[in-house]
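One structure, pasted below without further comment.
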Amino acid sequence: MCMLEKIIILDFGSQTTQLIARRLRELNVYCEIVPYNKFPADDKSVTGVILSGSPLSTCDKEAFKLDLSPIRKKFPLLGICYGAQLIASEAGGHVEKGDSREYGRAKLHVSTKKDILMSGVKNGAQVWMSHGDTITVLPQKFTVIAGTDDVFAAAFHIDNEPTWGVQFHPEVYHTEPGTIILNNFLTICNAKRNWTPASFVETTVNNLKTSLNDDKVILALSGGVDSSVCAVLLNKAIGKNLTCIFVDNGLLRKNEFETVLSDYKHIGLNVVGIDASDDFYNELANIKDPEQKRKIIGKGFIDVFEREARRITGVKWLAQGTIYPDIIESLSITGMTIKSHHNVGGLPDKMNLQLVEPLKLLFKDEVRRVGRELGMKDVLVKRHPFPGPGLGVRILGDVTREKVKILQEADHIFIQSLREKNLYDTVWQAGAVLLPINSVGVMGDERTYENVIALRAVTSTDAMTADWAHLPYDFLASVSNEIINHVRGVNRVVYDISSKPPSTIEWE
Ligand code: XMP
């Protein structure tokens, strides 16, 4: 295995910790996020350390404390917000709870005494603040390198030591010199700029070849970006020793099974397509509760996958498209919580398989870039997220083949129109929902009493929060017309204008 040099980001629970990692990776430097108290002191590949912000106050009893002696003077160190306050208070400085919390933009007054962290940063540049506490007294040997109107120590450097602190958030896009400052820190760390999609593909393919050797691997394709990129990467490494299984649960989009299957075959993947829709419709008959539907669809998938996988002899590995946000150990303020790492329904244990997850160090945008590097078409790489239970959770109430057909047609018109009007890539995800009510309408001279379709389109960066997409009225009008005129059984279309929170992206 080739050892990648890395920057370690110690996570004190800030909402922007993942952003720090993404910014460093955009600068082609590999980094990892670990909980604040799990610094890998023995890891020889660490070239620098960043302390993240935190929703806690260093003044509080329950504040996350950290002995910095294994880090300070041994590695270049940058403290951000809480991280900066921690460095100052651990060294005998004073941090005070402010009367008012400072949120938002501030203008940076860069000290005339030049410091390498501030190299290239313009005086008066806008930075983003988000803090309740302020450093009021700096310890000896700490030099202020920038201030703002409200904060005298917006940035400091410890003399003759590669340690810096910034009160503002360089990782946030509103901080104009954010990239410059992070880039300066990486230069200080002498960090190798070798984290690129091409180098990732080369290293991963080599590592996969070594670790998998001649073993057989199976993978469940969903049509989504992660499992598709995972498959193409593995295919490059082990070719026909990879078998992909793509299950039609009858809850996919219109023509999706056929088109995605043919796209996969076109790429050269060894794919087995299984039409199990009848089994799913039978199991789902008369089931209205969303969670029960999810369980049935999940179990149905595992049953089909297991049955098909057992037909392939000598399989040793199960490949999964797990990505970095799924495995980052996240902190919660009530204590440490480790995000559960989803396996496909415990399949690896059940089938006595080892897990291979080649994308587990990548963020979603990196997965897309790797996909492009592998020559995958935009229709696969830029595909919107789609829930595992598919249209099963977009048909409110019980699911029937007839309802699926209506929803598939309406959804198809919506998605095709988004593509045609170049709006598809401007939204995070979109789809149609079939409501469990009928409404009165009039078509020609006849009164109708038919289905209502709700359209949902959101903007988001991670699906944790989302806003309804402000699609043009003319566009919505034409989609509505087309659905009502062409989809039999629908006489009304509504647009969902709820954000998340308090609503969710899916209706069930
Ligand atoms: P919500 O509705 O919770 O959705 O705002 C957030 C993201 O997760 C997707 N989603 C699911 N994905 N199984 C999945 O694999 C599910 O049961 C499921 N429910 C929601 C949703 O489409 C959105 O991208």
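Every number for a ligand or one of its atoms is a count from 1 in the order of the listing.
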Which pairs of N or O atoms, one from ligand 1 and one from the protein, are separated by less than 3.5 Å, and what is the distance for each pair?
unit_1	atom_1	unit_2	atom_2	d
ligand 1	2 (O)	Ile505	N	3.4
ligand 1	2 (O)	Glu506	N	2.9
ligand 1	5 (O)	Lys500	NZ	2.7
ligand 1	5 (O)	Ile505	N	2.8
ligand 1	15 (O)	Gly388	N	3.0
ligand 1	17 (O)	Arg294	NE	2.6
ligand 1	19 (N)	Arg294	NH2	3.0
ligand 1	22 (O)	Gln429	NE2	2.9
ligand 1	22 (O)	Glu506	OE2	2.5
ligand 1	24 (O)	Gln429	OE1	2.6

Here the gap from Lys364 atom NZ to Leu359 atom CG, rounded to the nearest 0.5 Å, amounts to 10.0 Å

Determine which pairs satisfy ring-ring contact (aromatic ring centres under 6.0 Å, His included) with at least one residue from residues 379-423, sequence neighbours left out, and list them in order. His384-Tyr424

Going from CG on Asn249 to CG on Leu252, what distance comes out if it is rounded to the nearest 0.5 angstrom? 5.0 Å

What do you reckon, is CD of Glu258 surrounded by more than 12 foreign heavy atoms closer than 6.0 Å? yes

For Tyr495, is the NZ or CZ atom of Arg456 found under 6.0 angstrom from the centre of its six-membered ring and inside 45 degrees of the ring axis? no

Geometric class of the Trp195/Phe200 ring pair [parallel <30°, tilted 30-60°, perpendicular >60°]: perpendicular

